[in-house]
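Working notes for the structure below.
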Amino acid sequence: MDFLGIENLKARYGEHVVLNDISMTVEKGEIVSLIGPSGSGKSSLLRALVGLLPVESGEVRLNGEIINYRDKQAVKRLRDRLAIVFQQYNLFQNMDVLRNVMLAPMKVKGWPREECEREATALLEKVGLGAKLHVYPDQLSGGQQQRVALARALALRPEILLLDEVTSALDPELVNEVLDSIRLLASEGMTMIIVSHEMAFVREVSSRVSMMAAGSIVEIGTPDEIFQNPKHERARDFVGKILHR
Amino acid sequence: MHSIFGQLPRFLSYYNLEFILQAALTTLLLSISGCVFGFIFGFGIAVLRETTGPLWLPLRAAAVLFVEIFRRIPFLVTLFLVFYACQALNLDISVFAVAVASTCIIGAAFLSEVVRTGFDAIPSQEREAAAAMNFTLAQTLFLIVIPQAWRVILPPTFAFFLSFIKDSALASQLGVVELTYSAKVMNNKGFSPVLGFGAALILYFAISYPLARFGLYLEQRLGFSRYRKP
């Protein structure tokens, strides 16, 4: 049985259909990347999964449990097991880095303060920010902020980590420090769904790659299948463009 | 000019001073009740309007109606509305109590909008992040939104407080003896308007200046700085 199953997921903003019959699965320990042109629904899919974008129809199963997005308690249980990192980091500006990371474990999960602090410190050291515990987000570079956001998501001990264009707002020099942190997680077997425009990185870490266009999944396969031998016209077109840039 | 100085000793009699200071106290109490209770109620309304879901819908609708009505009615009309409403209900309360109730209503209606604007000024992405991490609405507001919102809420709140002290003069229309009313009384007693209204001016200043200073102090304390040192 697949770990995360998405079946015929549909979502729209008013008249505009942003997700059209999305079906895919993610196995435990797998890294599935979503690629495709802007507006193809990659970010919307992640937002729909965590309940930030209302789902119109379709089914999401996590570890056998069918998630009904109209049931607030079910969405809460789901959010308990997923964590999302956003393109714009979305750190809480009114607290230092350490508190940003330990706040949700402490207040939402209700774990003991000392334990949360110890784990938050360890996570921040892991992403290379052990020296910045008591710095405020606006005193950090974009790459550092994004690594804090990564630590914040991990502090919730998610079963699946969703990364929504986490390097798109960063200048090229800072991209690698964030990608290195993600590589580290990949090596530890973290299950992830990654939306990214960093094609070399996607190719390197992904178990499978899902190519999206106009709200639908055009093609899904191993990185080699998608990048070297895409079957669909739309996928060929996209891959051709990004490889010959 | 000579006559003004000539009147001064008689103007400063114990009886007159007591009368004027009593009136100043009334103005102070009216302003404070309007500001304090107005802010508390206004804050409550703003929080109420952040709720979602059908359970809170009736209260939310009532809050919107309240704010939209009383923000559109002149303060003077609110005073008379409350006054006649109390009469119709056979409530035996003083005109001062009517004035206090009115200031609370007006304060709540206006300040709830100030607070709401403050909430709205916090990037929605931070709230989305909080939602995705399963923070409750109360946690999101009190841990993340409100600490950052003071910076936006405080300046217009104190601007409102200051203008509100002056608006409290309208309560004189109900017969509440507050500062402006007392100045008129002194004028009618034959004192020069310079003395009566001059005293009122000084006392209005004495009330509002410390308030303005207090506002500045709070802005520095709570108005969280984006460039705080580590």
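This structure is a prediction, so every number in the text was calculated from the model and none was measured. Below, chain A is the first sequence line, B the second, and so on; all start at residue 1.
- Interface remark: A:F86 contributes side-chain atoms only to the contact with chain B (heavy atom separation under 4.5 Å).
- Between the side chains of B:Y204 and B:T180, at least one donor N or O lies within less than 3.5 Å of an accepting N or O.
- Under the side chain to side chain donor-acceptor pair (under 3.5 Å) criterion, the residue pairs touching residues 108-122 of chain B are B:R49-B:E113, B:E113-B:R116, with sequence neighbours excluded.
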Could you give me the CA-CA distance, side-chain angles and deciding distance for A:R99 and A:E117, then say whether salt bridge (charged side-chain N to carboxylate O under 4.0 Å, His left out) is met? CA-CA 8 Å; A:R99 195 164 159 77; A:E117 188 167 340; over 6 Å; no

Trace of the side-chain contact (heavy atoms from CB on, under 4.5 Å) decision for B:T51 with B:L137 = CA-CA 7 Å; B:T51 58; B:L137 174 66; 3.9 Å; yes

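- Within residues 73-82 of chain A, the residues having any heavy atom closer than 4.5 Å to a heavy atom of chain B are A:K76, A:R79, A:D80, listed by residue number.
- The CG atom of B:L222 sits 11.5 Å away from atom CD1 of B:I146, with the distance rounded to the nearest 0.5 Å.
- Taking chain B as the reference chain and counting heavy-atom pairs below 4.5 Å, the highest number among A:I84, A:D96, A:V85, A:L91 is found for A:L91.
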For this session: Check the pair A:E115, A:R157 against salt bridge (charged side-chain N to carboxylate O under 4.0 Å, His left out), reporting the backbone distance first and the verdict last.
Result: CA-CA 13 Å; A:E115 191 189 318; A:R157 300 182 200 156; 3.1 Å; yes

For residues 69-82 of chain B, which side-chain N or O atoms pair as donor and acceptor with protein atoms under 3.5 Å away, sequence neighbours left out?
residue: B:R72; atom: NH1; partner: B:E68; partner atom: O; Å: 3.0
residue: B:R72; atom: NH1; partner: B:E68; partner atom: OE1; Å: 2.6
residue: B:R72; atom: NH2; partner: B:E68; partner atom: OE1; Å: 3.2
residue: B:T78; atom: OG1; partner: B:P74; partner atom: O; Å: 3.2

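- Comment: A:E59 engages A:R61 in a salt bridge, judged by a side-chain N to carboxylate O separation of less than 4.0 angstrom.
- Heavy-atom distances place no part of A:A83 under 4.5 Å from chain B, backbone and side chain included.
- The aromatic rings of B:F142 and B:F43 sit tilted, their planes meeting at an angle between 30° and 60°.
- Atom CZ of B:F158 and atom OH of B:Y217 lie 11.5 Å apart (nearest 0.5 Å).
- Of the two parts of A:K72, only the side chain, counted from C-beta on, holds a non-hydrogen atom closer than 4.5 Å to a non-hydrogen atom of chain B.
- Residues of residues 124-131 of chain B that come within less than 4.5 angstrom of chain A, heavy atom to heavy atom, are B:Q125, B:E126, B:E128, B:A129, B:A130, B:A131 in numerical order.
- Of the residues A:I182, A:I31, A:L161, the one that meets the side-chain contact (heavy atoms from CB on, under 4.5 Å) test with A:M190 is A:L161.
- Between A:E188 and A:K126 there is a salt bridge, with a side-chain nitrogen of the basic residue lying less than 4.0 Å from a carboxylate oxygen of the acidic one.
- Contact annotation for B:L143: both backbone and side-chain heavy atoms come within less than 4.5 Å of a heavy atom of chain A.
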